[in-house]
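Before any comments, here is the structure.
In this text, all values refer to a predicted model and were calculated from it rather than measured experimentally. Whatever order the structure lists ligands and atoms in, that order sets their numbers, starting from 1. Position 1 is the first residue of the sequence; numbering continues from there.
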Amino acid sequence: MHLILFGSPGVGKGTQAKILSSKLGIPHISTGDILRTAVKEQTALGIKALKIMSSGELVSDEIMIGIIREALTDQKCSNGFILDGFPRTLAQATAFDELLRELNIMGKIFLVSLMTNEEELILRLTNRRACSKCQEIFNYHEIKDKDVCPNCGAINSFYHRSDDKEEVIRNRFKIFQSATFPLLEHYEKMGKVISVDGFQPVEKVTEDILNYLAMKSGKKIAISA
Ligand code: AMP
């Protein structure tokens, strides 16, 4: 299975990608996580990306396309992948389509579009906290009295991502609408889009995605857990 998870910031792409990755046994490739790791490790890429990410702007297409080419040509992606956060511009989508043709998997790709309501998402994002060790996302109300990350056991590791502040979020939405949203039409024209209501409970979103994928691909989907 080769999937792109698509939708506004905060719609739950990361959450669904992690669940689907474990159910389908294919890797979750999050370009945001790759960049955040580079920032944490203070690599040349991280130093360059930090300022751009903190303002909610997009890292250059050239850098992102290079990151994705390296990730998808890795052996661990040979049976499929779940992309979260890429492609985000038409230039990225065009380069990505070329890569898919080169890897002979253009026929296998689907884009799962998670649909939402902007104001609700802003509330969800401003309440979002991440663990600096495992990158797991929590709602502030879930962890406000906790010192230990329920996912990895790290102590005092919760932080508010600088790109989850309200002003930055509004900028990320603006960029999503102008640069990223047009990709939906690009993949709709190719008959690759599956649309799911992203406001349902997490388990229902996963169930809908798996059902639509089975319908669209005409295949029974093997689920490991
Ligand atoms: P995310 O975790 O996917 O919301 O990504 C966090 C930030 O990383 C974004 O706001 C961008 O600054 C940067 N980023 C992640 N993926 C991309 C991409 N495909 N193109 C450009 N910038 C990206």
Would you indicate whether the side-chain heavy atoms of I82 and L5 approach each other to under 4.5 Å? yes
State yes or no: are the ring centers of H2 and F110 separated by less than 6.0 Å? no
Show which atoms of ligand 1 fall inside a sub-4.0 Å distance from at least one heavy-atom site of M53. 7 (C), 8 (O), 12 (O)
protein heavy-atom neighbour closest to atom 11 (C) of ligand 1 works out as E57 O, 3.4 Å
Indicate, with yes or no, if the rings of Y187 and F96 have centres closer together than 6.0 Å. no
Are more than 12 heavy atoms, taken from residues, nucleotides or ligands other than K48, located less than 6.0 Å from that residue's NZ atom? no
Within the 4.0 Å heavy-atom shell around T31, which atoms of ligand 1 are there? 15 (C), 16 (N), 17 (C), 19 (N)
A side-chain contact here means heavy atoms from C-beta on lying under 4.5 Å apart; do V202 and Q16 qualify? yes
I want to know if ligand 1 touches G85 in the polar sense, i.e. an N/O pair below 3.5 angstrom. yes
Could you tell me which atoms of ligand 1, counted from 1 in the order shown, lie closer than 4.0 angstrom to a heavy atom of Q92? 18 (C), 19 (N), 20 (N), 21 (C)
May I ask you to list the atoms of ligand 1 that are less than 4.0 angstrom from any heavy atom of L35? 8 (O), 13 (C), 14 (N), 15 (C)
When the ring planes of F138 and F158 are compared, do they come out parallel, tilted or perpendicular, using 30° and 60° as the limits? perpendicular
Any idea which atoms of ligand 1 are less than 4.0 Å away from a heavy-atom of M64? 16 (N), 17 (C), 18 (C), 19 (N), 20 (N), 21 (C)
With a heavy-atom distance limit of 4.0 Å, tell me whether V59 approaches ligand 1 through its side chain, its backbone, both, or neither. both
Does L83 belong to the same Ile/Leu/Val/Met/Phe/Trp/Tyr cluster as I209, with side-chain heavy atoms less than 4.5 Å apart forming each link? no
Could you tell me whether D163 and ligand 1 have an N or O pair separated by under 3.5 Å? no
Which option, R172, R88, Q135, R161, owns the non-hydrogen atom nearest atom 3 (O) of ligand 1? R88
Could you tell me whether ligand 1 has any atom less than 4.0 Å away from a heavy atom of R36? yes
Going hydrophobic residue to hydrophobic residue with side-chain gaps under 4.5 angstrom, can you get from M215 over to V196? yes
